[in-house]
2 protein chains.
Amino acid sequence: MSKQELVVVGQDSAEGCCPTLLTAPLDEDQAADLAKVFKALGDPVRLRLLSMIASRAGGEVCVCDLTPAFDLSQPTISHHLKLLKQAGLIDSERRGTWVYYRPLPQMTDRLAAVLTRPAEPSMPPTTPAGAAS
Amino acid sequence: MSKQELVVVGQDSAEGCCPTLLTAPLDEDQAADLAKVFKALGDPVRLRLLSMIASRAGGEVCVCDLTPAFDLSQPTISHHLKLLKQAGLIDSERRGTWVYYRPLPQMTDRLAAVLTRPAEPSMPPTTPAGAAS
DNA sequence: AGCTTGCATCGACAGATGTCGAATCAAGTG
DNA sequence: CACTTGATTCGACATCTGTCGATGCAAGCT
């Protein structure tokens, strides 16, 4: 039978910090939550859209600049942008005739954190920066 | 038409280093490649499976320990494990009657890297601590 | 050899997803 | 106001996905 005790964390009990999927089993809610975002990233078109938008960090991209980069209809691009927005990865704002999309780094930061395994317990990277320059 | 030149990288030209989706537009191949992995993570069951397996880093988990954690049929769990394996996120080994799965940290490391934005490249003069409010 | 247990594969099916064209809404221009 | 351009929403449709039960295969046991 083997009844391996699946390590019952205690490390990420904080709350919304969601510290890593790799150190402790996710509960159903967290899994469902994260899955929505990963699903949004699970399409090549959306990944490219996000990278186009995010690589303009601080800036914005007009839909009119995104659409022509694909061999897809404009409604389809709009649909993908909507999904990215619902996933909390981007946000949009209408200005005049055009609509601009911009990245919401918080979400990608969260995902990165969730996928980052804590430093091997043998090298504390606590370099006290901010001394020079 | 505006033909904004969407920054043609040069930073991640290395090769397999795939440094960040957030600093430069992904090309179609990279996007398709990454999308497969994100898609594998885009399901709550698979996320939980991965977290169960990965939180045993260095170790392994017997399928017989994973299956009972879900209200799903055994074939369904097997199916999800297969997808995770095909995505390069886990690997399996048969030992005697049992099959053990273990994490492949390289892939999650890669994803984390792709989602991690490099230190602010332009660091705008952020309030030189001390200025009045 | 037969039987039992653990996992994977197969075939089927309901529901979700990506895509399109057409229609609609939003703003600016004549 | 009529007209044009940019973007979203709608309805339809083919495909993909998650799930199941049944079946098949691999190892160990009696």
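Quick note on labels: first sequence line is chain A, next is B, and so on, each numbered from 1. Treat the numbers as computed from the prediction; the structure is a model and nothing was measured.
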Q: Once you round it to whole Å, what is the distance between P of D:dT19 and CD1 of B:I77?
A: 8 Å
Q: Does a side-chain N or O from A:Y101 land closer than 4.0 Å to OP1 or OP2 of D:dG6, or not?
A: no
Q: Give the rounded distance in Å between these two atoms: CZ of B:R94 and P of C:dT5.
A: 16 Å
Q: Round to a whole Å and report the spacing from NE2 of B:H79 to C1' of D:dG18.
A: 6 Å
Q: For B:E28, I'd like to know if atom CD has over 12 heavy atoms of other residues, nucleotides or ligands within 6.0 Å.
A: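 Counting other residues, nucleotides and ligands, CD of B:E28 stays at 12 neighbours or fewer.
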Q: Can you pull out every salt bridge (Lys or Arg N to Asp or Glu O under 4.0 Å) where at least one residue sits in residues 72-81 of chain B? Sequence neighbours excluded, please.
A: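 Listed by first then second residue: nothing to list.
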Q: Within residues 80-89 of chain A, which residues have any heavy atom lying less than 4.0 Å from an atom of DNA chain D?
A: A:K82
Q: Side-chain N or O of A:S73 less than 4.0 angstrom from OP1 or OP2 on C:dC20?
A: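 Answer is yes, contact under 4.0 Å.
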Q: Between D:dT17 atom P and B:L72 atom CG, what is the distance in whole Å?
A: 18 Å
Q: Of A:T67 and B:D71, whose closest DNA chain D nucleotide lies nearer the 5' terminus?
A: A:T67
Q: In terms of side-chain geometry, is the basic nitrogen of A:R110 or A:D33 positioned less than 4.0 Å from the acidic oxygen of its partner?
A: yes
Q: Please give, in whole Å, the distance from C:dG18 C1' to A:K39 NZ?
A: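 That distance rounds to 14 Å.
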Q: List for me each residue that meets salt bridge (Lys or Arg N to Asp or Glu O under 4.0 Å) alongside A:D27, sequence neighbours excluded, and say none if there are none.
A: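 Testing A:D27 for salt bridge (Lys or Arg N to Asp or Glu O under 4.0 Å), a comparison that skips the adjacent residues, returns none.
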Q: Quick one: is D:dT5 close enough that its OP1 or OP2 comes under 4.0 Å of any side-chain N or O from A:T97?
A: no
Q: Send over the distance from B:D43 CG to D:dT17 P, rounded to a whole Å.
A: 11 Å
Q: Nearest-Å distance, CD (B:Q74) to P (D:dG18)?
A: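 Taking CD of B:Q74 and P of D:dG18, I get 17 Å after rounding.
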Q: Checking A:R46 side chain against A:A40 main chain: does a donor-acceptor pair fall under 3.5 Å?
A: yes
Q: Has B:T76 got a side-chain N or O lying under 4.0 Å from the OP1 or OP2 atom of D:dC20?
A: yes
Q: Whole angstrom is fine here: how far is it from CZ in A:R95 over to P in D:dG6?
A: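 Checked: the CZ to P distance equals 16 Å.
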Q: Are the side chains of B:H79 and B:L83 in contact, using a 4.5 Å heavy-atom criterion?
A: yes
Q: Taking the side chain of A:C64 as heavy atoms from C-beta outward, which of C:dA8, D:dG6, D:dT8 is closest to it?
A: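 Looking only at heavy atoms from C-beta outward on A:C64, the closest nucleotide is D:dG6.
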Q: So B:M52 and B:L66, do their side chains get closer than 4.5 Å, heavy atoms only?
A: yes
